[in-house]
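Take a look at the structure below.
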Amino acid sequence: MAVELSPIEKAKFVAAKRAVDCIEDGMKLGLGTGSTAAWMVRCLADRIREEGLQVRGVPTSTRTAELARSLGVPITTLDEVRWLDLTIDGADEFDPELNLIKGGGAALLQEKIVATASDQMIVITDAAKEVRQLGAFPLPVEVIPFGWKSTQALIEELLGSMNVLSCECALRMKDGAPLLTDEANYIIDLHLKRINEPRQLSMALNQIPGVVENGLFIDICDMVIIGHGDGRVVVRDINSGEIKGERVEFEPSDNVFANPED
C-alpha cells in the first residue's frame, strides 16, 4: 500500500531515493543526519532488504545510528573503516558553487569529519534550500562549554571585520538549557543574513580558541540532488558541470515509510 506524503516530504523522498541509487555493493558509507537524510537511511534499508546490498554505514549522529539499527542497516565506526566511498547528507543551504551551511540538526562536527573522510559527498535537498548567497540560514558554530561567553565575544569581534550583513549571535537553547551536541558541546548560531566570503569566514572562525568547528562546508560537496514534490529531481555535479533533470517514482512503500525526524 502506498503512503500519501506532503509535497515537501515527496521532494525529500525522491532526492533520497535517487541518491541511494548511486550506492554500489561493498561501499562504505557516511550516513547523514536530519529529516532528508532519514529518508535516505530508509531507502537504503529497502535496497538492503530487497536486493541483498552489502554495505557498511558510519552514522553522523546518535539519531542516525539509532534509525539505521532499527531498520537493519549495518553500521560501523570511522576509526574502524578509516575512509569512506560516499557520504550522503542533507544541507540547510547550498549556493551555486555547492558550498553549504549545515548544522541545523546540531551534528555539524561529525558530519564534517565524515564528509571530508569520503571520496565523494552527495547532498540531498529540496529546492527551498538553494540560495544565490549563503547566510539567510543561521550559521552554526560548535564551541566547548568552558568560557563560551568569551568565545562568543571573540566571534562577535571577528564578525565586525568580516563581510557579513549582520553580526547577531545567539546560544542555541533546548528546553530552557543550552543544547548539547553529541560531543557535549554548545552551538552558537550566527544570524549573518549574508556571507560574502564564506571561505575566509570559515578559516577565521576556526582560529578562535574555544571554537570546535563551524557549519560552512567549502569544497566538500561533489553533487546536489534537488527533489520536487511532483517526483522530479535535478542533479548537479560540480566536477563535470552537468545539470540533469530526471523523474523518480515518489510513492514509498510501507517498508520505507515512517514519520521523518524534525
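- Considering Thr60, Asp182, Thr62 as possible partners of Thr33, the one that fulfils the side-chain hydrogen bond (donor to acceptor under 3.5 Å, both in side chains) test is Thr60.
- Side-chain contact between Leu86 and Asp119 is absent, with no heavy atoms from C-beta onward closer than 4.5 Å.
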Original post:
Are Val224 and Thr125 close enough, and set up right, to give a side chain to side chain contact (heavy atoms under 4.5 Å, CB included), and what steps lead you there?
Top reply: CA-CA 7 Å; Val224 168; Thr125 183; 3.8 Å; yes
Original post:
Do Arg199 and Asp219 pass the salt bridge (Lys or Arg N to Asp or Glu O under 4.0 Å) test, and can you show the C-alpha distance, the side-chain angles, and the key distance before you say yes or no?
Top reply: CA-CA 9 Å; Arg199 187 186 308 276; Asp219 297 334; 2.7 Å; yes
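- Under 4.0 Å is where a charged nitrogen must lie from a carboxylate oxygen, and between Arg69 and Glu66 no such pair does.
- A donor-acceptor pair under 3.5 Å is formed between the side chain of Arg172 and the backbone N or O of Gly104.
- Salt bridge absent: Lys102 and Asp92 never bring a charged side-chain N and a carboxylate O closer than 4.0 Å.
- Annotation for Gly229 and Lys10: closest pair O-CD, 3.3 Å, computed over non-hydrogen atoms.
- Note on Ile220: it does not cluster hydrophobically with Leu84, by side-chain heavy-atom contacts below 4.5 Å among ILVMFWY residues.
- Nearest approach of Val123 to Gly90, heavy atoms of both residues: CG1-C, 4.1 Å.
- Looking at Asp126 and Lys129, a side-chain N of the basic residue comes within less than 4.0 Å of a carboxylate O on the acidic one, giving a salt bridge.
- The two residues Ser202 and Lys112 make their nearest non-hydrogen contact at OG-NZ, 4.5 Å.
- Val73 and Phe13 fall within the same hydrophobic cluster, defined by Ile, Leu, Val, Met, Phe, Trp and Tyr side-chain heavy atoms under 4.5 Å apart, directly or through other members.
- Electrostatic pairing of Glu246 and Arg18 counts as a salt bridge here, judged by a charged N lying under 4.0 Å from a carboxylate O.
- Under the 4.5 Å side-chain criterion, counting only non-hydrogen atoms from C-beta, Leu201 is not in contact with Asn214.
- Across Arg236 and Leu98, no two heavy atoms sit closer than the pair O-CD1, 4.0 Å.
- A 6.0 Å sphere centred on CD of Glu156 holds more than 12 heavy atoms belonging to other residues, nucleotides or ligands.
- Leu109 and Leu180 are assigned to two separate hydrophobic clusters, defined by single-linkage of ILVMFWY side chains at heavy-atom distances under 4.5 Å.
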